[in-house]
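Keep in mind that this is a model prediction, so the values were computed, not measured. In what follows, every chain begins at residue 1, and chains take the letters A, B, ... in the order their sequences are listed.
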Amino acid sequence: MEGVGGGRVYPFLVGEVKTASRRGLVACSAMSDAGPQPSTPAPGGPSFRYNATLAGEIEARWQDRWDVEGTFYTPNPTGPLSEGFDAVAGAKKLFVMDMFPYPSGAGLHVGHPLGFIATDVFARFKRMTGHNVLHTMGFDAYGLPAEQHAVATGQHPRINTENNVATYRRQLRRLGLGHDPRRAVSTTDGDFLEFTQRIFLRIFNAWFDPEATNPLGGPGAARHIDRLIASFAEGTRPTPDGRPWSSLTEREQRTLVDSHRLVYLAEVPVNWCPGLGTIVANEEVTADGRSDRGNFPVFKRNMTQWLMRITAYAERLIDDLDLVDWPEPVRLMQRNWIGRSLGARVSFASTAGDIDVFTTRPDTLFGATFMVLAPEHGMVSALTTDSWPTGTDPRWTNGHDTPASAIGAYQSAAASKSDVDRQVETKTKTGVFTGSFAVNPVNGRDVPIFIADYVLTGYGTGAIMAVPSGDQRDFEFARQFGLPIQATIRPPDAWFAEHQSEPSLDCATWPMAYVGDGPAVNGTNDSLSLDGRGKAEAIAAMNAWLEANGRGHGSVQTKLRDWLFSRQRYWGEPFPIVHDEIGPIALPESMLPVDLPDTDQFAPRSFDPEDAQSEPERPLDRLVDWKNATLDLGNGKGMCTYLRETNVMPQWAGSCTYYLRYIDPTLVEAITTPENERYWMGERGVDLYVGGVEHAVLHLLYSRFWHKVLFDLGIVGTPEPFARLFNQGYIQAYAYTDPRGMYVEASEVEERNGEFFHHGERVNREYGKIGKSLKNMVSPDEICEAYGADTLRLHEMSMGPLEQSKPWDTRAVSGAHRLLQRIWRVVVDEDSGTTRVTDSSPTNEDLVVLHRTIHAVTAAMDDLRVNTPIARITELTNHLTSTYPNGAPRGLAEPLVLLVAPYAPHLAEELWSRLGNRQSLIRSPFPVANPAYLVADTVDVPVQVNGKVRSVLTVATGLDGPSLEALARADEKVASHLMDKTVRKAVVIPGKLVNFVVS
RNA sequence: GCGGGUGUGGCGAAAUUGGCAGACGCGCCAGGUUUAGGUCCUGGUGUCGAAAGACGUGCAGGUUCGAUUCCUGUCACCCGCACCA
């Protein structure tokens with residue numbers, strides 16, 4: 001596709017470059033500097049034409065009025081925001097949300113508001129159809145860019161953030177979005193911080209009890225940690241070593257309890273970058289294992305981090321996807337991310353103890369001829385022998401004299417490799433022998449134990465049983481290292497034929513591993529025989545055997561890992577946690593919020609870039625007075641000295657439950673007011689959540705997880721936070737690179753004969769996201785300046801289906817502007833400025849057009865098909881302006897104004913007021929289509945001969961088939977095509993079509 | 001490699017879901033208004049063809065009276081994940 005070639009391109013126009021001295025040149029490079037030209041009329045033009053100046057004046061006036069009158073204040077059932085609720089108590093509630101933005105320093109570009117405008121159009125339509133609509137906008141204002149800006153400039157991130165938020169608020173207000181400003185929260189607000197920390201504490205003070213029944217009736221639920229402690233104290237739950245709870249030391253008790261919490265400390269593999277002093281994400285690590293920023297080495301190593309036990313909810317996070325109305329691709333992505341697979345755990349005995357593996361194919365255990373551990377696996381050092389066993393294959397040693405040296409070298413090589421590098425698919429597998437063997441439990445054979453980086457520490461147990469005949473990676477590894485390959489399944493002859501080889505059970509002749517189904521072979525020991533059985537049956541039999549012999553059991557494995565929740569940064573929510581000499585202690589909620597302490601040193605401490613063993617020092621570590629806190633935690637110990645937790649929360653924390661904050665933005669000392677929460681969340685949660693698909697997994701999974709914990713704890717009443725999700729597409733734009741590959745300012749590029757030039761230099765055109773980095777930024781401000789916010793809104797909605805990505809083209813905006821000009825002229829005489837609607841009655845034809853438009857607009861709204869209604873409104877407008885060039889009947893003008901109101905609210909308010917209405921039209925009833933006008937008297941029926949349209953008949957609606965066929969045969973054009981031919985079949989669908997099949 | 005998505009005029013797109021392909025808009029062309037350019041208004045505009053007509057929804061097949069729509073294969077592009085056992 002991408003057939004945008006050869007054409008004209010935003011933001012330049014094709015054609016010769018005219019002199020810049022003339023005014024209003026659009027087709028010239030002058031617009032590059034000035035942006036789109038305002039549609040200001042030349043002196044002498046109509047004084048009351050709808051143009052940028054008039055639109056700007058109207059928009060500012062109505063925005064002020066909406067603010068003053070609190071037009072978009074949405075009442076709660078109870079509490080401080082409940083004024084006016086009685087008036088809407090009978091209405092249906094509707095909670096419409098956008099994914100709130102991170103306020104970046106660059107401000108909004110025209111792509112950002114696409115979803116915001118769509119939800120606003122939807123919300124306004126719903127208000128006009130009698131709903132009590134909650135719609136507002138918040139800011140996800142903690143985050144790395146603000147911190148990096150602070151590091152670079154020395155300016156506190158709060159200042160930078162507040163400036164950015166102010167810019168966003170101004171830009172969003174200019175768009176006329178109908179948000180309740182009282183609810184427009186920022187995650188960095190003191191109250192919001194307290195809210196986030198309070199939820200954290202509830203999660204911290206909870207554990208997942210697999211025995212409990214959750215509110216949906218299923219197994220497993222979060223419970224307050226006190227109930228765990230009580231069950232230990234009562235003896236209903238045994239301690240790990242069986243001693244009574246009361247005889248455990250405080251340290252033992254706390255360690256035991258902490259190990260059950262939903263938030264816990266653990267050693268996890270991370271990308272440690274000493275040069276930056278922080279842990280970096282995979283995507284921040286370059287292919288050669290260095291940091292994106294600064295180009296420092298990055299080391300993979302284990303480090304103690306805070307984790308959230310999201311894996312406890314894996315089953316429910318998959319199952320409850322059935323409860324939500326979400327795009328299927330997103331649900332699929334979540335299922336794949338969680339990655340539930342059925343299989344078995346199997347224990348292999350070794351000199352260092354049992355090695356547990358997870359396998360999805362326990363039926364192939366007889367073919368497990370070696371084992372592979374991830375290089376980081378905890379048992380590697382215990383398995384590494386002092387010397388190579390006699391007769392060790394030289395390929396297994398990597399040329400080292402001792403296993404220790406070979407293993408050490410391999411481990412450090414793997415650690416210095418980035419994940420990206422490690423995951424590059426290569427033909428040659430690498431690995432090294434540990435010197436140890438394990439026992440295959442099912443046949444008693446000794447199998448050598450290797451380490452190799454194709455086994456990942458993060459999935460399963462970090463160790464695998466290798467079945468080279470049934471797994472391609474194991475197969476390649478076995479070939480590489482000369483390991484035995486034994487068939488466990490007889491592949492069908494067709495498989496051999498497909499790979500040009502002879503059927504055989506001797507795997508030496510196999511071209512590759514066989515991963516399909518088939519009868520088991522070589523699968524017999526003293527107490528088990530799988531031979532001849534199919535996959536499912538063999539798995540069941542093997543799982544039963546493992547269980548009976550204490551060597552394993554059937555098991556479910558997920559790819560999902562627990563959520564790494566700590567960041568070694570400054571600009572984030574501090575943990576409401578302190579530490580004593582034993583471990584972490586939660587602060588009581590009465591001590592919230594724990595404010596972020598002030599400092600002017602925002603960067604974490606950096607280290608010698610090569611010092612892999614250095615430990616991170618966080619910005620908050622430096623604030624010694626803050627870190628050392630003497631507090632009375634109310635636990636009976638009185639004033640004690642503690643160390644505050646100095647990690648901060650990840651940016652996701654603030655976005656997990658912000659919808660609850662929208663509901664009760666002023667609430668303190670509680671998470672929700674139950675009556676408000678039940679009202680707005682209803683049975684199924686937020687009614688509509690609109691945002692980009694880039695959040696399909698992480699944000700939406702974390703948010704669902706927190707919500708489910710709160711659900712189990714009785715704080716919220718719905719199992720899922722978001723009933724309906726809609727992914728809007730991206731608006732993209734062209735970008736240009738010079739011969740060195742550097743981006744050049746897109747607004748300075750000219751097109752000549754299909755080629756592109758920047759200051760005379762030939763440049764290359766690319767297509768991508770709008771933004772500073774591609775130097776193709778277009779801000780909504782400049783479009784508002786040139787045309788007005790209503791035009792921008794209308795244009796963005798008309799660009800195409802909301803869910804589709806599409807390119808920005810500033811020139812195309814004028815179409816929306818012209819439509820608004822025509823709508824304006826329907827009501828207002830642009831010379832005199834007077835209202836010019838008439839009291840004459842609309843004709844029947846007028847009403848047919850009107851009511852079809854109403855029907856089309858109404859029918860499209862619920863599905864957020866926001867683009868096609870504009871085409872129908874355009875048709876109605878064009879009908880009115882051509883039929884009534886001097887003013888349309890009021891009975892047509894008024895509904896037209898109401899129809900366009902969700903899209904162009906300022907213009908609609910202005911016209912509505914000029915039509916004599918005192919009240920804002922925000923809650924005026926949306927026009928309702930009269931079915932009588934939707935059915936026409938006559939209908940056009942195409943007549944085909946052999947599937948080709950030869951004529952179109954206009955016939956009475958409801959004309960029966962035989963009459964229709966007779967009319968069609970009688971039609972001159974049709975008859976000429978039927979001449980000399982035999983009609984073999986006539987397909988007649990009354991009201992639709994006639995098709996004659998002839999030969 | 002796996003998973004998901006998208007391919008329709010010069011461009012953004014529409015097609016009531018199997019029934020007139022290209023609504024509506026941008027751009028372009030012509031005309032009008034205007035001192036002039038722009039704005040604004042009117043008309044035209046899928047391709048080939050003088051016309052009749054033929055062709056046309058990435059490509060190749062199939063099902064059907066009839067396919068942008070359903071099926072099979074294939075190509076291109078985009079997004080996500082990736083040695084996941």
When you compare [N] with [M], how far apart are their [atom1] atoms, in angstrom units rounded to a whole number?
N: B:C79; M: B:G25; atom1: P; result: 33 Å
N: B:G9; M: B:G61; atom1: C1'; result: 26 Å
N: B:U68; M: B:U16; atom1: P; result: 13 Å
N: B:A76; M: B:G38; atom1: P; result: 46 Å
N: B:G27; M: B:U74; atom1: P; result: 43 Å
N: B:C48; M: B:A67; atom1: C1'; result: 24 Å

**Asked** Got a salt bridge between A:Glu476 and A:Arg479, using NZ or NE/NH1/NH2 to carboxylate O under 4.0 Å?
**Response**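 Salt bridge absent between A:Glu476 and A:Arg479.
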
**Lys/Arg-Asp/Glu bridge criterion (N-O < 4.0 Å) met for A:Glu972, A:Arg950** =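 No salt bridge links A:Glu972 with A:Arg950.
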
Is there any protein nitrogen or oxygen under 3.5 Å from a nitrogen or oxygen in nucleotides 41-46 of chain B, and what are the pairs?
unit_1, atom_1, unit_2, atom_2, d
B:C41, OP1, A:Arg825, NH2, 2.8

Should [X] be listed as having a side-chain N or O under 4.0 Å from OP1 or OP2 of [N]?
X: A:Gln804; N: B:U6; result: no
X: A:Lys948; N: B:A54; result: no
X: A:Arg811; N: B:G25; result: no

**Prompt:** Looking at residues 328-343 of chain A, who's got a heavy atom less than 4.0 Å off RNA chain B?
**Reply:**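 The answer is A:Pro329, A:Leu332, A:Met333, A:Asn336, A:Trp337.
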
**Request:** Could you check which residues of residues 793-803 of chain A get a heavy atom under 4.0 Å from RNA chain B? Sort them by number, please.
**Result:**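 Of all residues in residues 793-803 of chain A, the ones placing a heavy atom under 4.0 Å from RNA chain B are A:Met799, A:Pro801.
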
**Request:** Write down the distance between NZ (A:Lys973) and P (B:A52), rounded to a whole number of angstrom.
**Result:**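 About 12 Å, once rounded to whole Å.
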
**Request:** For A:Tyr730 and B:C79, give me the distance from atom OH to atom P, rounded to whole Å.
**Result:**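 Spelled out: OH on A:Tyr730 to P on B:C79 is 10 Å.
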
Produce the list of close N/O pairs, under 3.5 Å, pairing protein atoms with atoms of nucleotides 65-69 of chain B; give distances to one decimal.
unit_1, atom_1, unit_2, atom_2, d
B:C65, O2', A:Asn995, ND2, 3.3
B:C65, O2, A:Asn995, ND2, 2.7

**Request:** Can you tell me which residue pairs pass the salt bridge (charged side-chain N to carboxylate O under 4.0 Å, His left out) test with a partner in residues 336-345 of chain A, sequence neighbours excluded?
**Result:**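 Every pair satisfying salt bridge (charged side-chain N to carboxylate O under 4.0 Å, His left out) with a residue in residues 336-345 of chain A: A:Glu315-A:Arg340, A:Asp319-A:Arg340.
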
**Message:** For a stem of at least 3 consecutive Watson-Crick or G-U pairs with distances under 3.5 Å, i pairing with j, i+1 with j-1 and so on, which stems involve RNA chain B?
**Reply:**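 As far as RNA chain B goes, consecutive pairing (with distances under 3.5 Å) yields the stems B:1-7 with B:75-81, B:10-12 with B:24-26, B:27-32 with B:40-45, B:46-48 with B:53-55, B:58-62 with B:70-74.
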
**Prompt:** Hey, is the side chain of A:Arg872 pairing donor to acceptor with the base of B:A23 inside 3.5 Å?
**Reply:**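 Indeed, a donor on one side and an acceptor on the other fall under 3.5 Å apart.
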
